[in-house]
Every structure is written in structure tokens, then in C-alpha cells.
Amino acid sequence: MLLLAAAGLVAFVLLLYMVSPLISPKPLALPGAHVVVTGGSSGIGKCIAIECYKQGAFITLVARNEDKLLQAKKEIEKHSINDKQVVLCISVDVSQDYNQVENVIKQAQEKLGPVDMLVNCAGTSMSGKFEELEVSSFEKLMSINYLGSVYPSRAVITTMKERRVGRIVFVSSQAGQLGLFGFTAYSSSKFAIRGLAEALQMEVKPYNVYVTVAYPPDTDTPGLAEENKTKPLETRLISETTAVCKPEQVAKQIVKDAVQGNFNSSIGSDGYMLSSLTCGMAPVTSITEGLQQVVTMGLFRTIALFYLGSFDNIVRRCMVQKTKPEVVDKTA
């Protein structure tokens with residue numbers, strides 16, 4: 001009976017692998033495609049632009065700092081594969097004025113054609129204890145990280161639906177999958193992106209438009225270097241439990257998943273585990289992806305409990321260290 005059950009399971013899995021490609025999205029062809037990358041002047045955004053350019057795409061870079069944009073443009077152009085490719089730079093704050101963002105997207109489409117893929121990479125981070133962060137910090141992060149993704153997406157979605165083709169990428173963070181000490185403002189803005197992505201995917205899937213949410217871990221970018229200057233000790237110690245990724249590695253995975261139409265994009269074994277653990281009611285690209293989540297959920301939850309326990313221990317140790325001098329002073 002056990003052999004029959006095992007054979008049945010193997011046959012079922014093989015059937016799923018055969019059927020899966022029939023229901024998966026058709027890959028997006030990047031050669032000649034128009035890719036818009038917000039936050040594309042540095043870090044992951046710039047590396048995504050380079051990766052798409054290497055595959056023959058036309059690029060529109062959107063960011064606030066014009067000097068950084070022009071520098072990024074020069075770096076990207078070194079990776080051209082034909083003399084027809086173009087890198088267009090537009091300086092604008094994508095989180096402030098929707099009408100301005102819409103006009104910028106229209107300008108880009110007039111020059112390079114309809115947007116085939118939008119990568120929402122504009123974002124910033126801020127860490128600190130909940131009661132020590134200014135209220136304005138919560139407003140700022142929600143504006144940049146969340147509305148900075150809403151506005152460009154809103155500007156391209158109608159055309160994508162009309163053309164029955166398109167990809168929209170939201171770059172969240174592993175801090176958008178689990179809340180961590182010091183990230184009450186940052187995590188909440190990144191969690192919001194997932195809610196937007198899930199609801200939007202349900203709306204646009206019938207039109208052959210697919211949404212990808214990327215959850216990169218700590219990545220070696222100027223943004224991380226700036227963030228580390230003000231990280232609480234607890235946050236830094238928790239962050240150090242995982243390795244820092246290279247932006248090129250993260251960019252390649254995001255582009256690969258976006259082209260395939262995968263809803264989830266994660267990096268490494270920790271990323272895979274987190275994505276399975278937090279899948280909830282998130283859409284799946286294939287039956288096999290859903291099956292893998294079902295099979296691994298229990299094991300990954302067990303592992304996650306050990307992680308959570310270690311994080312709690314870090315926080316407790318830091319609290320004890322900070323309160324020791326106070327105890328000594330009272331007994332002196």
C-alpha cells in the first residue's frame with residue numbers, strides 16, 4: 001500500500017509538471033521592449049536597468065537626482081547589444097504628484113513606445129524604535145515606498161490592459177514579509193505594497209498583465225549603507241544573521257521572475273522559506289508552485305520558530321545590557 005501511495009504521489013507530481021506550463025504566463029520578450037525603472041539611478045534599480053538593457057530592452061530611468069541619472073545612463077549604455085537601444089532619463093519625484101508622474105510616463109511612451117514592463121524600485125528606509133521615530137517618518141516612508149509605487153503603476157496600467165501585455169514589478173523587502181525590531185515604519189510601508197500587488201494582480205490577470213513582488217534581503221547598495229548609520233543595535237544584530245546580497249544577483253532574479261510572470265521573487269534559501277511561509281492567499285504562477293508551498297509549510301514554520309526565538313533573545317540581551325548601568329547606579 002505504501003508503494004502504491006508513493007507511486008501515486010510521484011505520478012501526480014509528474015502530471016502537475018506537465019500541466020503547469022499550459023497555465024503559466026507566456027514569457028515577456030525583452031528585446032525591443034520598453035522598460036521603465038523608477039529609482040533607477042543607483043542600487044538594485046540601476047542593476048535591473050542594466051540587466052534588461054543587456055537583453056535588448058529600451059530603458060527609461062526615473063529618479064530625483066539628475067546628476068545620478070546621467071551617470072547611471074553612461075554605465076547602462078556600456079552594456080548595449082545593438083546600436084538601436086536607447087536610455088532615456090527623466091528627473092521626477094514619483095511620490096509627490098500623480099499628474100506629474102502621469103505626464104512623465106506619457107513623455108516616455110511618446111519617445112520609446114508603450115511601456116512593456118514597469119519596475120517600481122524607488123524607495124527609502126528608516127529605522128528606529130517606534131516611540132523614538134518622528135510621526136513624519138511614517139508619513140514619509142508611506143509616501144515614498146507605497147505611493148511612489150502606486151502613481152507610476154496607475155499611469156501605465158490602462159495602456160497595458162488595452163494592449164493585453166505587460167509586467168508590473170514592485171520591489172518590496174524581506175521586511176515586507178515579517179516585522180522586525182526597529183522597522184515599524186519601514187516594514188508597514190513594504191507590507192502595504194504586497195496588499196496592492198495581490199489586489200492588482202486579480203484585476204489585471206485576465207488582460208495578460210502580470211504583477212511581480214520582489215522581496216530582496218539586505219543588499220549592498222548606497223541605501224543600505226545610509227540605513228546602517230542609524231540602525232538600532234538590535235536591528236543590526238538581527239540583520240547580521242543573514243548574508244548581504246550583491247545588487248547584480250538580486251536584479252537578475254527579479255528580471256527573470258518578472259519576465260516569466262511569477263508573482264513572487266525571492267533570493268536564496270531564506271527568501272524561498274519566507275515566501276512559502278507567508279504565501280497566504282497570494283496567487284501562484286503554476287500548480288507546482290502551490291504544491292511546493294503546501295508540502296513545505298509545516299517544516300518551514302518549525303524552522304521559523306527557531307529564528308523568531310533567536311531574534312527575541314537578541315532583543316532581550318540588548319535590553320539587559322542597556323539596563324545594567326541603571327541597576328548599578330541604584331545600588332551604589
Side-chain angles (χ1 to χ4, degrees), residues 25 28 35-40 43-49 51-52 60-63 93-95 98 101 105 115-125 141-161 165-179 183 185-205 207 209-217 219 221 223 245 247 250-267 271 274-275 278-285:
L28 177 71
V35 179
V36 175
V37 184
T38 71
I44 294 174
K46 183 176 70 175
C47 290
I48 287 175
E51 184 63 25
C52 291
T60 295
L61 287 182
V62 180
D93 187 337
V94 294
S95 68
Y98 171 70
V101 174
I105 295 297
V115 177
D116 296 292
M117 183 161 80
L118 167 68
V119 183
N120 292 291
C121 207
T124 189
S125 176
L141 289 184
M142 192 58 74
S143 175
I144 296 174
N145 295 344
Y146 177 68
L147 293 179
S149 294
V150 171
Y151 293 166
S153 301
R154 181 65 180 78
V156 303
I157 198 65
T158 300
T159 304
M160 284 186 175
K161 288 172 70 175
V165 62
R167 298 286 191 271
I168 295 179
V169 181
F170 296 102
V171 179
S172 180
S173 163
Q174 284 189 351
Q177 294 174 296
L178 77 161
F183 282 154
Y186 180 64
S187 281
S188 53
S189 67
K190 291 297 189 177
F191 265 85
I193 288 175
R194 172 174 173 162
L196 167 65
E198 287 191 10
L200 182 60
Q201 177 65 100
M202 192 173 289
E203 289 188 21
V204 302
K205 188 176 180 179
Y207 297 89
V209 177
Y210 288 89
V211 174
T212 296
V213 188
Y215 299 106
T219 306
T221 64
C245 285
V250 174
K252 284 183 179 180
Q253 187 63 51
I254 292 174
V255 171
K256 178 183 177 181
D257 287 321
V259 165
Q260 293 297 325
N262 296 334
F263 182 77
N264 177 82
S265 180
S266 59
I267 306 296
L274 266 177
S275 295
T278 61
C279 60
M281 290 290 288
V284 293
T285 309

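Quick note: numbers below take in every heavy atom, side chains included, and nothing from hydrogens, waters or symmetry partners.
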Checklist line | Shortest non-hydrogen separation from Arg167 to Pro25 and the atoms involved | finding: NH2-CB, 4.3 Å

Notebook entry, point to check: Just wondering, do Met117 and Leu28 contact through their side chains at under 4.5 Å, heavy atoms?
Noted result: yes

Note to self: Go through it in stages, so that I can follow the logic: the residues are Ile168 and Met160, the test is side chain to side chain contact (heavy atoms under 4.5 Å, CB included), and I'd like the CA-CA distance, side-chain angles, deciding distance and then a yes or no.
What the structure shows: CA-CA 10 Å; Ile168 295 179; Met160 284 186 175; 3.8 Å; yes

Next item on the list: Kindly give the heavy-atom pair with the smallest separation between Gly148 and Val94, and that separation in Å.
Entry: O-CG2, 3.5 Å

Next item on the list: Specify the closest pair of heavy atoms between Gly179 and Ser187, including all atoms of both residues, with the distance to one decimal.
Entry: CA-OG, 3.9 Å

Check: Can any side-chain N or O of Asp116 pair as donor or acceptor with the backbone N or O of Gly166 at less than 3.5 Å?
Finding: no

Checklist line | Ser143 OG to Asp93 CG distance, which is reported to the nearest 0.5 Å | finding: 7.0 Å

Checklist line | Nearest-0.5 Å distance, CG of residue Leu178 to OH of residue Tyr215 | finding: 11.5 Å

Could you list the donor-acceptor pairs under 3.5 angstrom formed between side-chain atoms of residues 188-200 and any protein atom two or more places apart in sequence or on another chain?
{"unit_1": "Ser188", "atom_1": "OG", "unit_2": "Thr184", "atom_2": "O", "d": "2.9"}
{"unit_1": "Ser188", "atom_1": "OG", "unit_2": "Ala185", "atom_2": "O", "d": "2.9"}
{"unit_1": "Ser189", "atom_1": "OG", "unit_2": "Asn145", "atom_2": "ND2", "d": "3.0"}
{"unit_1": "Ser189", "atom_1": "OG", "unit_2": "Tyr186", "atom_2": "O", "d": "2.7"}
{"unit_1": "Lys190", "atom_1": "NZ", "unit_2": "Val171", "atom_2": "O", "d": "3.1"}
{"unit_1": "Arg194", "atom_1": "NE", "unit_2": "Glu198", "atom_2": "OE2", "d": "2.7"}
{"unit_1": "Arg194", "atom_1": "NH1", "unit_2": "Thr278", "atom_2": "O", "d": "2.5"}
{"unit_1": "Arg194", "atom_1": "NH2", "unit_2": "Glu198", "atom_2": "OE2", "d": "3.0"}
{"unit_1": "Arg194", "atom_1": "NH2", "unit_2": "Thr278", "atom_2": "O", "d": "2.7"}
{"unit_1": "Arg194", "atom_1": "NH2", "unit_2": "Cys279", "atom_2": "O", "d": "2.8"}

Item checked: Listed partners of Thr60 passing side-chain contact (heavy atoms from CB on, under 4.5 Å), at least two apart -> His34, Val36, Val62, Leu88, Ile90, Ala108, Leu112

Checklist line | Partner set under side-chain contact (heavy atoms from CB on, under 4.5 Å) for Leu61, not counting sequence neighbours | finding: Val37, Ala49, Ile59, Leu69, Ala72, Ile76, Val87, Cys89

Check: Does some side-chain heavy atom of Leu118 sit less than 4.5 Å from a side-chain heavy atom of Thr38?
Finding: yes

Notebook entry, point to check: Does Asn262 offer a backbone N or O that forms a donor-acceptor pair with the side chain of Thr212 under 3.5 Å?
Noted result: yes

Notebook entry, point to check: With Tyr98, which residues qualify under ring-ring contact (aromatic ring centres under 6.0 Å, His included), at least two apart?
Noted result: Tyr151

Notebook entry, point to check: Which pair of heavy atoms, one from Gly43 and one from Thr221, lies closest together, and at what distance?
Noted result: CA-CG2, 3.8 Å

Check: Less than 4.5 Å apart, any side-chain heavy atom of Leu274 and any of Ser266?
Finding: no

Check: Partners of Ile267 by side-chain contact (heavy atoms from CB on, under 4.5 Å), sequence neighbours excluded?
Finding: Pro217, Cys245, Gln249, Val250, Gln253

Item checked: Spacing of Ser265 atom OG and Lys256 atom NZ [to the nearest 0.5 Å] -> 10.0 Å

Note to self: Under a 3.5 Å cutoff, is there a donor and acceptor pairing between the side chains of Asn264 and Ser275?
What the structure shows: yes

Margin query: Once side-chain contact (heavy atoms from CB on, under 4.5 Å) is applied, do any residues pair with Gln201, and if so which ones, sequence neighbours excluded?
Written below: Val204, Lys205, Tyr210, Val211, Phe263, Pro283

Next item on the list: Any chance you could measure Leu147, atom CG, to Ile144, atom CD1, to the nearest 0.5 Å?
Entry: 10.0 Å

